[in-house]
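Below is one structure; the comments refer to it alone.
Letters A, B, ... are given to chains in the order of the sequence lines, protein chains preceding strands, and every chain is numbered from 1. These numbers were taken from a predicted model, which means no experiment stands behind them.
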Amino acid sequence: MSLEQELLAQRHARIREIEALGFRAYGQRFDFSTTIPTILKEYTPKSAEELASPRVEVKICGRIHTVRRMGKAGFLHLSQLGERLQIYIKKDDLSEKEFALYQLLDIGDIIGVTGYLFRTRTGELSVHVQTLTFLSKILLNMPEKWHGLEDVEIRYRQRYLDLIANPDVQETFVTRAKIIASLRRQLEERNFVEVETPMMQPLYGGAAARPFVTHHNTLDIDLFLRIAPELYLKRLIVGGLDRVYEINRNFRNEGISTHHNPEFTMLEFYQAYTDYKGLMDLSGELLCQTAIDATGSPVVEYDGATLDFSNIRRLTIREAVIDFWPENSTRPTMENVKDPEWLKQNAHKASPGECLVEIFERVAESKLIQPTIIYEYPVETSPLSKNNLDDPAFVDRFEIFAAGMEIGNAYTELNDPQEQRRRFEMQLGMRERGDEEAHQMDEDYVRALCYGMPPTGGEGIGIDRLTMLLTNSKSIRDVILFPLLRPEGNIGVAADLRALE
RNA sequence: GGGCCGGUAGCUCAGUCGGUAGAGCAUUUGACUUUUAAUCAAAGGGUCGCGGGUUCGAGUCCCGCCCGGCUCACCA
């Protein structure tokens, strides 16, 4: 029998002992009077004397994190919502059954206590326990109390254990929730309507990516998990929902990295009667306020850099290429970066526009640490954006970068159905030449445009990446509760439990 | 997919030149009524990721595979 099985058997047997004392191993409702974080916040500043009179009575619950037993007394740390509070148990102050229960407690058990606040000789805020009850039994072993759980594979696979053992993790996901709530609130304040559009789509579009395929049995059709909600959201703009947004998952059948998870969360919003310049201003306001709501400040530390979301720089893609050109070679001029010949000499793509983007990604992207808006993209890589009035080879589009990552993408939406048809056909051509990520023709979308779409600005913001920036997380897996991993195979716990019955 | 790194007790980690598998925490037993990485005394606990190979002998060397991390490519 392995150690884990022995321990399981031992603790399973303890269930009977707990029940013999008149408690339930898997208890019922517990009406606590306050939470551990609230107590810590409210009473940490109070002195021992202030706590002594009048006494502060509390009824709390939580998971046992540490136990220090000293014969007829003991100290335990309970954890709740990522924070820890010490409780003090003394034989004289409990019933016989409660003290017997205390002696059976394992690290990881969930209990409820009543008692009063005091400070120990060493000054730690603690609860002097007067009654004790049992709420839930742990059967497996907790991770090490000092180092916590560090094995990243276990942290991602068993996120519940990560959340129990590493308090910072709870904080990260609470911040993620604040980010989403902040964006929702800000958009609502600006009269945007939240909508939900199909995730299972017969035609996929709105981005350059390979999709996941699934199948509907009754209709007997293949469907694609959406790579973007864009084309549906713009149909709604045609329909007169002038300001819409959606926060939900996109699915792209591509590689996994510290910046990519196959399913990821995007905010997309569309605003009629504005353009990409209007969205630049809006983006700045949204990001700045979100940083404040999530972290308390528009200025955040990320991986050794200081990012200031209250002051977003704006550069054209050409300016960025010139600006970030490597020090050790001849810096190009504006004439160079406009010259198709020069572009082809410095990249390997078919068209000058694609070359420019390739060069930009090579020389500038990873250096865009400060939040920066890059604008004026070539038409070839932007099949849904409106042409620039002065230069039809370019479109009115920008992307937002920070910490070397793209976190947003926006443009003035193409609303001319004739031009949209030509763009789709251009994409079909790329597709025939082997580009699996090129768009398909979406004729219903073209038909929608034929009814007239108002001039519109649209934008997507990657929520996972934004969360990385605002929680100082180096990997996207640290801001996704259950990132995609290969299945782990047989776990064996069911068999172990069966053996105990 | 390529390159590099890792997988040893439940957790965090050692393991020398190829020669009996180690520590701390956790667990069990005992002592201890303000401790705090509690302390003290004792005990139990291993599919060294999996499968081959070399060898008298493999955690250690070689080959293949599995899982993970970083990185490059691709992408947001």
Side-chain angles (χ1 to χ4, degrees), chain A residues 1-11 14 48 65-77 84-94 99 102 106-108 118-126 128 138-158 161 164-166 206-210 227-228 250-268 358 361-362 365-366 381 399-401 405-409 435-437 460-466 468 474-478 483 485-489 492:
Chain A
M1 193 192 271
S2 75
L3 174 66
E4 200 169 353
Q5 286 168 325
E6 255 176 63
L7 206 81
L8 192 70
Q10 196 179 97
R11 292 181 172 184
R14 205 161 278 177
H65 230 271
T66 60
V67 183
R68 290 173 295 286
R69 298 177 201 271
M70 294 173 304
K72 300 185 182 64
F75 289 90
L76 297 80
H77 273 108
R84 292 173 196 178
L85 178 65
Q86 181 169 264
I87 65 170
Y88 174 56
I89 284 179
K90 195 163 120 179
K91 189 165 195 245
D92 303 342
D93 295 330
L94 291 184
F99 194 73
Y102 152 73
D106 286 308
I107 292 174
F118 76 112
R119 278 191 190 279
T120 62
R121 275 178 200 160
T122 50
E124 179 165 349
L125 182 66
S126 308
H128 193 122
I138 189 171
L139 293 179
L140 295 172
N141 219 344
M142 284 271 281
E144 215 243 10
K145 66 182 175 190
W146 190 243
H147 298 92
L149 181 66
E150 304 205 342
D151 183 321
V152 289
E153 185 172 348
I154 302 177
R155 288 187 47 222
Y156 296 152
R157 284 194 196 283
Q158 298 177 253
L161 199 54
I164 290 169
N166 302 322
R210 287 154 67 192
I227 58 172
N250 290 338
F251 307 86
R252 300 190 186 172
N253 206 337
E254 278 152 6
I256 297 175
S257 78
T258 48
H259 298 79
H260 302 85
N261 194 63
E263 57 176 315
F264 64 100
T265 301
M266 279 263 283
L267 159 66
E268 284 204 13
E358 183 194 312
E361 286 172 356
R362 196 175 65 231
E365 187 168 356
S366 66
T381 57
E399 295 193 309
I400 310 166
F401 293 86
M405 276 190 301
E406 184 187 338
I407 59 168
N409 179 20
D435 185 346
E436 286 184 75
E437 296 182 349
I461 291 177
I463 296 297
D464 312 278
R465 290 183 175 180
L466 181 59
M468 287 170 68
K474 307 300 172 292
S475 169
I476 200 166
R477 290 181 213 100
D478 292 325
L485 298 175
R486 289 191 144 91
E488 72 175 311

When every nucleotide of nucleotides 26-35 of chain B is labelled 5' to 3' by its protein contacts under 4.0 Å (heavy atoms), B for base, S for sugar-phosphate only, - for none, what sequence of letters results? SSS---BBBB
Could I get the full list of side chain to side chain donor-acceptor pair (under 3.5 Å) partners for Arg465(A), not counting sequence neighbours?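 Result, side chain to side chain donor-acceptor pair (under 3.5 Å) vs Arg465(A): His260(A).
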Under the side chain to side chain donor-acceptor pair (under 3.5 Å) test, which residues partner Arg119(A), sequence neighbours left out?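 Per chain and number, Arg119(A) pairs via side chain to side chain donor-acceptor pair (under 3.5 Å) with no residue.
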Using atom [atom1] in both nucleotides, what's the gap between [N] and [M] to the nearest angstrom?
N      : M      : atom1 : answer
G10(B) : C5(B)  : P     : 28 Å
A9(B)  : A73(B) : P     : 36 Å
A38(B) : C32(B) : C1'   : 11 Å
G7(B)  : U47(B) : C1'   : 14 Å
G6(B)  : C74(B) : P     : 28 Å
C62(B) : A76(B) : P     : 41 Å
A58(B) : G49(B) : C1'   : 16 Å
G46(B) : C72(B) : P     : 43 Å

Write down the protein N/O and nucleotide N/O pairs, taken from nucleotides 64-68 of chain B, whose separation is under 3.5 Å; answer none if there are no such pairs.
| residue | atom | partner | partner atom | Å |
| --- | --- | --- | --- | --- |
| C67(B) | OP1 | Arg486(A) | NE | 3.1 |
| C67(B) | O3' | Arg157(A) | NH2 | 3.0 |
| C67(B) | O2' | Glu153(A) | OE1 | 3.2 |
| C67(B) | O2' | Glu153(A) | OE2 | 2.2 |
| C67(B) | O2' | Arg157(A) | NH2 | 3.4 |
| G68(B) | OP1 | Arg486(A) | N | 2.8 |
| G68(B) | O4' | Glu153(A) | OE1 | 3.0 |

I'd like to check the salt bridge (charged side-chain N to carboxylate O under 4.0 Å, His left out) partners of [X]; sequence neighbours left out, ordered by chain and number.
X         : result
Glu436(A) : Arg210(A)
Glu399(A) : Arg397(A)
Arg69(A)  : none
Asp478(A) : Arg155(A)

Of the listed nucleotides (A37(B), C74(B), A76(B)), which one gets closest to any side-chain atom of Trp146(A)?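 Closest nucleotide among those given: A37(B).
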Separation of atom [atom1] in [X] from atom [atom2] in [N], rounded to whole Å:
X         : N      : atom1 : atom2 : answer
Ile256(A) : C70(B) : CD1   : P     : 11 Å
Glu358(A) : C74(B) : CD    : P     : 8 Å
Asn261(A) : C74(B) : CG    : P     : 20 Å

So what stems show up for RNA chain B if we need 3 or more Watson-Crick or G-U pairs in a row, all under 3.5 Å?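 Stem list for RNA chain B: B:1-7 with B:66-72, B:10-13 with B:22-25, B:27-31 with B:39-43, B:49-53 with B:61-65.
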Between U71(B) and Thr258(A), is there an OP1 or OP2 to side-chain N/O distance shorter than 4.0 Å?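 Yes, such a contact exists.
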Could you list the residues that satisfy ring-ring contact (aromatic ring centres under 6.0 Å, His included) with [X], not counting sequence neighbours?
X         : answer
Phe99(A)  : Tyr102(A)
His65(A)  : none
Phe264(A) : none

Which part of the nucleic acid does Glu399(A) contact within heavy-atom distance under 4.0 Å: base, sugar-phosphate only, or nothing?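 No contact.
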When all nucleic acid strands are considered with a 4.0 Å heavy-atom cut-off, which category describes Gly460(A): base, sugar-phosphate, or nothing?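 Nothing: the residue Gly460(A), judged by heavy atoms under 4.0 Å, touches no strand.
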If only atom types and distance count, is the side chain of Asp106(A) paired as donor or acceptor with the main-chain N or O of Gly108(A) below 3.5 Å?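 Not confirmed, Asp106(A) side chain does not pair with Gly108(A) backbone.
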Do any N or O atoms from the side chain of Arg252(A) and from the backbone of Ile227(A) form a donor-acceptor pair under 3.5 angstrom?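 Looks like yes, one N/O pair under 3.5 Å.
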Please determine, by modelled atom types, if Glu144(A) and His147(A) share a side-chain donor-acceptor pair under 3.5 angstrom.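 Their side chains do contain a donor-acceptor pair, which is all the 3.5 Å distance test asks for.
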